[in-house]
Amino acid sequence: MFEVRIHGRGGQGVVTAAELLSVAAFHTGRYAQAFPSFGSERTGAPVVAFCRIAERPIRLREPVLRPDAIVVQDVTLLRQTDVLAGLADDGQVLVNSGRTVAELGLAGYDGRIFTVPASELARAHVGRPLPNAALLGGLAALCHLVPLAAVVEAIGQRFPGLLGTANVAAAAEAYHLVHAQLKERSHA
Amino acid sequence: MRSQIEGSRAVAETVARCRPQVVCAYPISPQTHIVEALSALVKSGRLAPCEFVNVESEFAAMSVAIGASAAGARAYTATASQGLLYMAEALYNASGLGLPIVMTVANRAIGAPINIWNDHSDAMSQRDCGWIQLYAEDNQAAADLHVLAFRLAEELSTPVMVCMDGFVLTHAVESVELPGATEVDRYLPRFQPRQLLDPDDPVTIGAMVGPEAFTEVRYLAHATQLAALARIATLATEFRATFGRPVAGLVSPYRCTDADTVVIALGSVLGTLKDTVDEMRVDGVPLGVLGLTAFRPFPAAAIAGAIGDAKRIVVLERAFAPGVGGIVTADLAAALPVAGRTVHTVVAGLGGRPVTRASLRDALTAAAAGTLGPLTFLDLDERLLRHTAKEAMA
């Protein structure tokens, strides 16, 4: 079972991101469970959502406590809450930021943290800084959990028309940026 | 065909396929997504001639459902928490009048203090109102039980609550095989009301009943519930034949046959519980799980059959009766010969506190070792209690 935790703020599409990831996994023939951690539903308040992906039906209902991947949709959360709590020993982290991991002071973690400027990509492609679709593209590159095509299908299904196309473009660009970072690090 | 779908949406789609004629509801978290989806379905014309009635309160929602059902319409509503409490008076009327209303309860705690999260306090507070109560383990069960509920309600002319854990199920997106429209039509015949309010043929329903017959009315209500026991089991079998997949009817036993200790629970905690039991079985602890789908009527015989001669029973309660203890435990003690058995109550997951494998493992390890007390509050925060005590002294 692969477990993902997504941190963000109300209004950033955190819950939708978990749902889309589960739909992408579903399209690849696996079982997936997405659920929010229901705290506050206010815009701007910290929000957490979870996604589990497995080859067998998922019965477990506890929150994700040992995530294999963590997505941070809002970089200011790094200072506010322990967003990296419980990260699995080989777990990976994707942070929405235009800055490098070193600039964020996250150079430790054996190089398992990556950044991608998801809000900027969304602003460029979608016209609004909604980072969730781009981050899913980046996560697809990082974890080989779901192929980009499945993420694209999930986004297109949820957001038909131009909005979907724009989000898909943001996801694809994030995918390639993370992919390039991975290559760079493997050569370093 | 399987869909990756939110639990609320799966329930709304399933209810739609049951062809309700009147849907009325007042929004309350975590039920809201269900009735939002249904109102959109009604507005789209897909459910024509179904009417969605906007009401000003839960009391009105149940009252409209009562009127609609009495006039011969298949009526549906949904609520949670304080909304269910606000309906309480009308709930007794619905069951007393024998009206086969189906209602989803998106289980949520009751305040004060206000708490929007999941436990079973709401539905369990209405355990004696004469409604049948069925609890869903996952979103597949939540969807399927609604189809069974309409059939059961209409056959017995009695209302049915389908309880699904708020947020944990209502807001979880997972794979669900939605009941096919053709199969639903085959399984669920057109509603033939037992009695009908019709201006052309006026009758009175709900007339006053005095001491000469009130006991008999209550006796018959009990008889209806007991009749439901056999009917639920049969309808579950028939469901499997029609839809090609099982639905838990009265109870769902898991690894009980050779278990020394059986854990009894209702709702979505069963999944985490089964995973925990599988892990502990690897270590040689002979545990089993018994899920109760039916809470009203209380399936005493099915429970007795499933637990066999297990020495120890742990009842995992998602609600609590202050001053007494476990609600399900009390029912169990009244229904079963408990001589020679140890029964433990573990109160867990109140007001949305997550029930984790680690905590369950601790409690069940203690149970198997014979060191678990009669009543345990899982993950009770002693530090918080001491702090509260200190504040009270200051």
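Because the structure is predicted, anything quoted here is derived from the model rather than measured.
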Which heavy atom of A:Arg59 sits nearest a heavy atom of B:Tyr254, and at what distance? NH1-OH, 3.2 Å

Tell me whether the count of non-hydrogen atoms from other residues, nucleotides or ligands lying under 6.0 Å of CZ in B:Arg2 goes above 12. yes

So which part of B:Asn115 gets closer than 4.5 Å to some heavy atom of chain A, the side chain, the backbone, both or neither? neither

Quick one: pull up CD in B:Glu174 and CZ in A:Phe35 and give me the separation to the nearest 0.5 Å. 10.0 Å

Under the 3.5 angstrom rule, does the side chain of A:Glu62 hit a backbone N or O of B:Thr272 as a donor-acceptor pair? no

Taking atom CZ of B:Arg245 as the centre, report whether more than 12 heavy atoms of other residues, nucleotides or ligands fall under 6.0 Å from it. yes

At a 4.5 Å cut-off on heavy atoms, which part of B:Glu6 comes close to chain A: side chain, backbone, both, or neither? neither

Taken to the nearest 0.5 Å, the spacing of A:Leu60 CG from B:Arg357 CZ works out to 4.5 Å

B:Leu384, CG: over 12 other non-hydrogen atoms inside 6.0 angstrom: yes

In terms of heavy-atom proximity below 4.5 Å to chain A, should B:Thr276 be classed as side chain, backbone, both, or neither? neither

Nearest heavy-atom approach of A:Ala32 to B:Gln4 is O-NE2, 3.0 Å

Taken to the nearest 0.5 Å, the spacing of B:Asp275 CG from A:Met1 CE works out to 6.5 Å

Given B:Val168, B:Asp138, B:Asn139, the one with more heavy-atom pairs under 4.5 angstrom with chain A than any other is B:Val168

May I ask you to name which of A:Arg52, A:Arg61, A:His27 has the most heavy-atom pairs under 4.5 Å with chain B? A:Arg61

Measuring heavy-atom distances to chain A, does B:Ile5 have an atom under 4.5 Å in its side chain, in its backbone, in both, or in neither? neither

